[in-house]
Amino acid sequence: MDGVTRPSPAGEAPLIEVENPATRRVIATVADAGPADVDDAVRSARKALGTWAATPVVDRVAVLRRAAKLLEDRREEIAQVVTAELGAPIRIARSVHAQLPIIVTATTADLLASYDFEQRIGHSLIVHQPVGVVAAITPWNFPLHQVTSKVVPALAAGATVVLKPSELAPLSALMLAAILTDAGLPEGVLNVVTGGPVTGRALVDHDDVDLVSFTGSVGVGRAVAAAASRTVKRVTLELGGKSASLVLPDADISTAVKVSVANAFFNSGQACNAWTRLLVPADRLEHVNDLAQAAAEKHTVGDPTDDKTRMGPVISDQQRERVRAFIRAGLGDGARLLAGGETSPDGCGDGYFVRPTIFTDVDPASTLAQDEIFGPVLSVIGYRDEAEAVEIANGTRYGLGGSVWSGDTDHAVRVARRIRTGQVDVNGGAFNPAAPFGGFKHSGYGRELGVHGMAEYLEPQSLQLPADAGRD
Ligand code: NAD
């Protein structure tokens with residue numbers, strides 16, 4: 001903070017050990033910052049706000065463009081760090097975890113360069129002001145992408161930030177802070193405090209934070225929103241999901257199943273928008289089961305530093321236990337196990353590995369089909385007709401992502417419009433880093449990325465002008 005890295009002021013903060021989930025080796029220690037550290041960081045962000053908010057857009061754009069370039073230059077190093085802290089397969093660490101932050105930073109810089117911060121509405125001038133001091137609290141599953149998706153648009157908007165990355169994977173976030181400093185971000189504009197729930201709570205409770213941007217679980221999101229209400233802070237919540245891949249009868253079933261299985265197991269199933277329910281016509285269920293089983297077998301689990309590995313471990317012992325408990329619940333509820341299961345995969349050593357697991361004949365109302373597991377577990381569900389398929393897709397408390405597959409794209413789009421989630425991929429349409437990302441229902445509120453993401457960090461101010469304003 002204040003442009004320098006330092007231990008907590010009293011030097012008394014307990015340390016958190018950061019573990020490599022593939023090897024269980026401790027790879028770093030970081031401070032578990034307390035309220036005094038958080039207070040220092042917020043003061044630093046407040047002090048820097050006036051100057052940063054007044055910094056010409058062209059200079060803010062230049063900082064972000066330099067940061068995008070430095071992210072690119074250090075891509076391999078970032079990928080290695082994400083592989084170590086998260087257990088992400090190195091191939092995916094390079095192509096996704098280290099790549100998305102480059103794209104998001106560059107896209108945001110372009111957007112900022114042409115952003116319209118002022119408009120006229122009748123005799124009013126509408127000025128979009130930076131929201132102030134932002135607290136950004138992030139999870140571990142995309143440890144750099146989630147951080148970048150908050151920090152970069154907030155900085156673009158002219159806000160200053162106190163970031164608290166996940167205590168389980170804080171290392172790539174610290175690299176981003178160093179990169180932004182190297183890119184010329186003035187001191188105090190971005191401050192990072194490491195730590196866990198105590199650090200997060202201190203930030204949310206702080207009187208001088210204007211907005212909390214939180215990504216994480218529904219339970220913690222609720223607590224954050226409740227705590228933030230005391231000081232009437234603005235809050236955005238990016239929470240969990242239980243998204244469905246809905247395969248219509250006229251779809252290319254083989255492609256739809258293959259892509260859906262890959263999506264469910266991507267990042268060891270630790271993606272908030274993972275398609276964890278595969279909805280297929282009941283009369284095609286056995287064919288789908290065969291296809292899904294064959295697809296699961298292609299997911300080699302193992303050492304994430306090996307180029308051939310498609311799936312690494314889950315993040316922690318606790319997470320592995322949670323996933324195993326869901327697998328047991330599925331078996332108890334009478335779902336049929338098609339692939340994987342509770343036992344550890346062979347030859348993976350001591351890490352927190354889980355076998356890619358598929359259940360079929362899953363009751364849409366069961367725990368397996370209703371709760372977010374956050375591990376590599378896919379539920380295959382048969383439906384009778386389109387109306388029932390849509391009802392099942394919408395039949396959870398979540399509303400984050402999903403997909404629709406049909407031989408007729410217009411038909412798929414019509415069905416996608418009926419899905420109550422923040423984003424729906426149609427026939428394999430790719431992720432768009434400039435399109436708004438966020439949830440309906442218990443998946444949260446507010447949006448990240450692109451123009452919508454930046455608007456979250458701006459406050460519209462209306463200046464009512466006298467009748468003669470603007471005349472020569
Ligand atoms: P989590 O809710 O346990 O923790 C998220 C962050 O909040 C961490 O930094 C944690 O230290 C902090 N925290 C914990 N308790 C806090 C408190 N009381 N006050 C303030 N901060 C607190 O989530 P997690 O286990 O890190 O991540 C997994 C969850 O994140 C899943 O539910 C997943 O769906 C969700 N997620 C959502 C999105 C999205 O964009 N919608 C993206 C990724 C992950």
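Ligands are counted one by one from 1 in listed order, and the atoms in each one are counted from 1 as well.
- The number of heavy atoms from other shown groups lying within 6.0 Å of CZ (R397) is above 12.
- Side-chain N or O atoms of N263 include none that pairs as donor or acceptor with a backbone N or O of A274 at under 3.5 Å.
- At a 4.0 Å heavy-atom cut-off, ligand 1 touches C272 through backbone and side chain alike.
- Here is the list of ligand 1 atoms found below 4.0 Å of a heavy atom in G200: 19 (N), 20 (C), 21 (N).
- The closest protein non-hydrogen atom to atom 41 (N) of ligand 1 is L239 O, 2.6 Å.
- In this structure, D207 pairs ionically with R230, as a charged nitrogen and a carboxylate oxygen lie closer than 4.0 Å.
- Regarding atom 27 (O) of ligand 1, its nearest protein heavy-atom neighbour is P139 CB, 3.2 Å.
- More than 12 heavy-atom neighbours from other residues, nucleotides or ligands sit within 6.0 angstrom of NZ on K441.
- Given atom 7 (O) of ligand 1, the protein heavy atom at minimum distance is F214 CE1, 3.2 Å.
- Nearest protein neighbour of atom 28 (C) of ligand 1, counting heavy atoms only, is F374 CE2, 3.6 Å.
- For R417, the CZ atom counts as loosely surrounded, since its 6.0 Å shell holds 12 or fewer non-hydrogen atoms of other residues, nucleotides or ligands.
- In this structure, S268 contributes its side chain and P313 its backbone to a donor-acceptor pair below 3.5 Å.
- Counting only heavy atoms, the protein never gets under 4.0 Å from atom 4 (O) of ligand 1.
- A 6.0 Å sphere centred on CZ of R43 holds no more than 12 heavy atoms belonging to other residues, nucleotides or ligands.
- Residue contacts with ligand 1, taken as heavy atom pairs separated by less than 4.0 Å, involve E167 solely via side-chain atoms from C-beta onward.
- Looking at atom 23 (O) of ligand 1, its nearest protein heavy atom turns out to be S217 N, 3.5 Å.
- With a 4.5 Å cut-off on side-chain heavy atoms, K242 and D371 do not count as touching.
- Checked against Y352 for a side-chain hydrogen bond (donor to acceptor under 3.5 Å, both in side chains), the options Q319, E19, E321 give a single hit: E19.
- Neither the backbone nor the side chain of T199 has any atom closer than 4.0 Å to an atom of ligand 1 (non-hydrogen atoms only).
- Heavy-atom contacts from other residues, nucleotides or ligands closer than 6.0 Å to CD of E76 number more than 12.
- When the heavy-atom distances from atom 22 (C) of ligand 1 to V198, D32, V220, N273 are ranked, the shortest goes to V220.
- Here T138 has backbone heavy atoms under 4.0 Å from ligand 1, and that is the only part of it that gets that close.
- At under 3.5 Å, a nitrogen or oxygen of K164, whether backbone or side chain, sits near a nitrogen or oxygen of ligand 1.
- With ligand atoms numbered from 1 in the order given, ligand 1 contributes 43 (C), 44 (C) to contacts under 4.0 Å with heavy atoms of N141.
- Q318 CD: 12 or fewer foreign heavy atoms inside a 6.0 Å radius.
- The part of F437 lying near ligand 1 is the side chain, judged by heavy-atom distances below 4.0 Å.
- Note on R46 versus D208: salt bridge recorded, some NZ/NE/NH1/NH2 to OD/OE distance being below 4.0 Å.
- The closest donor-acceptor contact from the side chain of N191 to the backbone of V161 lies under 3.5 Å.
- Among protein heavy atoms, atom 12 (C) of ligand 1 sits closest to I137 CG2, 3.7 Å.
- Ion pairing of K150 with E448 is present here, as a side-chain N (NZ or NE/NH1/NH2) and a carboxylate O approach within less than 4.0 Å.
- Heavy-atom contacts of Q146 reach the following atoms of ligand 1: 42 (C), 43 (C), 44 (C) (cutoff under 4.0 Å).
- Both the backbone and the side chain of T215 come within 4.0 Å of ligand 1, counting heavy atoms alone.
- Scanning the protein for heavy atoms near atom 24 (P) of ligand 1, the closest one is W140 NE1, 3.4 Å.
- Near E372, the atoms of ligand 1 lying under 4.0 angstrom from a non-hydrogen atom of the residue are 31 (C), 32 (O), 33 (C), 34 (O).
- Of the protein's non-hydrogen atoms, the one nearest atom 35 (C) of ligand 1 is G216 O, 3.1 Å.
- Close approach of ligand 1 to S166 (heavy-atom distance below 4.0 Å) involves ligand atoms 9 (O).
- With ligand atoms numbered from 1 in the order given, ligand 1 contributes 11 (O) to contacts under 4.0 Å with heavy atoms of G196.
- Within ligand 1, counting atoms from 1 as listed, the ones closer than 4.0 Å to a heavy atom of G240 are 34 (O).
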